[in-house]
> 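For reference, the structure I am asking about is given below.
Only heavy atoms go into these numbers, but all of them, side chains included; no hydrogens, no water, no symmetry mates.
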Protein chains: 2
Amino acid sequence: MTDAPNRSSYRHGDLRQALIEAGLDMARQGGPDAIVLREATRRAGVSPNAAYRHFADRQELLEAVSASAQGLAADAMEDAVEAQPGTGDPAVDARLRVGAVGRGYLAFARREPGLFRAAFTVPNDLSEAFDADKAGYRGRTPFQVLAEALDALHAAGVLPAERRQGAELLAWSSVHGLGMLALDGPLRGLTDEMLDGATERLLLMVDRGL
Amino acid sequence: MTDAPNRSSYRHGDLRQALIEAGLDMARQGGPDAIVLREATRRAGVSPNAAYRHFADRQELLEAVSASAQGLAADAMEDAVEAQPGTGDPAVDARLRVGAVGRGYLAFARREPGLFRAAFTVPNDLSEAFDADKAGYRGRTPFQVLAEALDALHAAGVLPAERRQGAELLAWSSVHGLGMLALDGPLRGLTDEMLDGATERLLLMVDRGL
DNA sequence: GGAAGGATGTGTACGCTGTCCACAATGACA
DNA sequence: TGTCATTGTGGACAGCGTACACATCCTTCC
């Protein structure tokens, strides 16, 4: 991550990416507020102002880091989906898949609270929910991962069309809320077991309520 | 809010409260990040260091402002409950009351996004969910308002005991998530009508899923 | 192949922030 | 009335984000 001492040329090579990665490291430990531009340049072995060749200001760096963190979240979600064994029944599988998406999202929140906050706490428009820089290594953004799971739910005949529309909202809100409350909010002190329980109950509620 | 010019005595009178109120004003316009200690002292007509007689550091001021903002949220929630007309049927009323709590919460989020973020984004323990400084003018904290509505749901026979426990979690998560996504998240651009629709659908899901 | 010009990095500087320290004014109480 | 804890002041410091002018490099085109 740091290539401060070993830089032969005047040019860095890929400073933009280096700054984002430094930002990710800082966010990992303290959320978006811990992302400090000067420190990022320090870690990249570059003068503070060099950052301004790649980002208009700190806010833009923040957004780039947030986008990267969203990609990592997408990975966690897809991992959870892949780990979900199939039952042979398409309807059941589709429902399990939606659950796995939620579980993956929350697992990411708990495993990487700082990155989670960086990903989903920094202002973000729905219009950009498909931007490539928010995608994980499989090429999908968190929103896409959820949307496709819901599409599958619809395709399997579980979710009628009129309730498919806007279903992202309901599912995402619930799960996101639990994540936030468990991180910053009143649920901080909860044990892992309690959080697991809350997660399953919440997913059940969403499954029934969609 | 500002009593900068008119202070006759060396003593301020109630500097602590003045700083909190200045903090609330700043938070109203930019969320918790916009709360700056020096600016608060400036508005209170006092030197920067005076703040340290009342708060150990900026973080403590932040927490005090957050607590006050939670009180305002509690007010909004109770207002919504009071505005809810009764139907005569206790079971229906209890369910409507829970819905009103959620609607009040979200109305507050949309009316005062900065204060909402200050209230529920600043780290906060469940163990302190009943602290008096988080209460609104009716003396209840947001958590209490929700808990009592759920108690009423149980008392009305709608919510069996085994599902009453931890129900705060489910209800709060869903509603909180929608609030956050609508403020900072991908749902920022949604029109009022769309948000209203999402709110009602979400509340329906919670009502069915609790 | 050499000059031109855009892209990228550096140096210096400014105002602002949170916070530390020593000191001053005040009010309460012996 | 004198003592002392409480509350406010003044000055200082390092760190931050950022602006401006300048340096270095890479590419491109004659």
Side-chain angles (χ1 to χ4, degrees), chain A residues 1-27 29-66 114 118 121-123, chain B residues 1-27 29-66 114 118 121-123:
Chain A
M1 78 191 76
T2 301
D3 45 359
N6 36 345
R7 186 163 116 260
S8 52
S9 136
Y10 182 81
R11 293 290 165 83
H12 175 98
D14 194 357
L15 182 53
R16 184 187 159 87
Q17 192 54 36
L19 291 175
I20 291 179
E21 254 145 50
L24 282 172
D25 271 354
M26 292 185 272
Q29 300 203 323
D33 292 349
I35 298 175
V36 13
L37 187 144
R38 283 180 103 110
E39 173 65 18
T41 61
R42 232 171 277 134
R43 297 192 186 187
V46 115
S47 87
N49 284 326
Y52 289 89
R53 299 298 168 194
H54 303 274
F55 305 98
D57 52 19
R58 174 178 181 274
Q59 183 60 31
E60 266 198 9
L61 168 59
L62 220 74
E63 283 163 18
V65 173
S66 172
T121 256
V122 173
Chain B
M1 81 191 78
T2 301
D3 46 359
N6 36 344
R7 187 163 115 260
S8 51
S9 133
Y10 183 80
R11 293 294 166 81
H12 179 280
D14 195 357
L15 181 53
R16 184 187 159 86
Q17 192 53 36
L19 291 175
I20 291 179
E21 255 144 49
L24 282 172
D25 271 355
M26 291 184 274
Q29 300 203 323
D33 291 349
I35 298 176
V36 15
L37 187 143
R38 281 182 104 109
E39 173 66 16
T41 61
R42 232 172 277 134
R43 296 191 187 188
V46 115
S47 87
N49 284 325
Y52 289 88
R53 298 298 168 192
H54 302 274
F55 304 99
D57 52 18
R58 175 179 181 272
Q59 183 60 31
E60 265 198 11
L61 169 60
L62 220 75
E63 283 163 17
V65 172
S66 172
T121 255
V122 173

> Can you tell me if the side-chain N/O atoms of A:His54 get under 4.0 Å from OP1 or OP2 in C:dA7?
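A:His54 to C:dA7 OP1/OP2: no side-chain N or O under 4.0 Å.
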
> With a cut-off of 3.5 Å and sequence neighbours excluded, list every side-chain donor-acceptor pair involving residues 34-41 of chain A.
{"residue": "A:Glu39", "atom": "OE1", "partner": "A:Arg42", "partner atom": "NH1", "Å": "2.4"}
{"residue": "A:Glu39", "atom": "OE2", "partner": "A:Arg43", "partner atom": "NE", "Å": "2.9"}
{"residue": "A:Thr41", "atom": "OG1", "partner": "A:Arg38", "partner atom": "O", "Å": "2.5"}

> Do the side chains of B:Arg16 and B:Ile20 get nearer than 4.5 Å, heavy atoms only?
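SC-SC contact between B:Ile20 and B:Arg16 confirmed.
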
> Using a 4.0 Å heavy-atom cut-off to protein, can you give one letter per nucleotide of nucleotides 16-23 of chain C, 5' to 3': B if the base is in contact, S if only the sugar-phosphate is, - if neither?
-SBBBB--

> Tell me the closest heavy-atom pair linking A:Ala27 and A:Ala118, and the distance in Å.
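So the two residues come closest at CB-CB, 3.9 Å.
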
> Could you tell me how far apart B:Arg16 (CZ) and D:dT6 (C1') are, to the nearest whole angstrom?
15 Å

> Hey, what do you get for CG (B:Asp14) to NE2 (B:His12), rounding to the nearest 0.5 Å?
7.5 Å

> Would you say B:Val65 and B:Phe55 make side-chain contact, with heavy atoms under 4.5 Å?
no

> Nearest whole Å is fine: how far is D:dG17 P from A:Leu61 CG?
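Value for this atom pair: 9 Å.
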
> Please report the distance, rounded to the nearest Å, between CG in A:Asp14 and P in C:dA7.
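Going from CG in A:Asp14 over to P in C:dA7 covers 17 Å.
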
> CD of A:Glu60 versus P of D:dT18: gap in Å, rounded?
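In whole Å, D:dT18 P and A:Glu60 CD are 10 Å from each other.
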
> To the nearest 0.5 Å, what is the distance between NE2 on B:His54 and CG on B:Leu15?
4.0 Å

> Rounding to a whole Å, what distance do you find between A:Met26:CE and D:dC16:C1'?
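My rounded result for the distance is 12 Å.
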
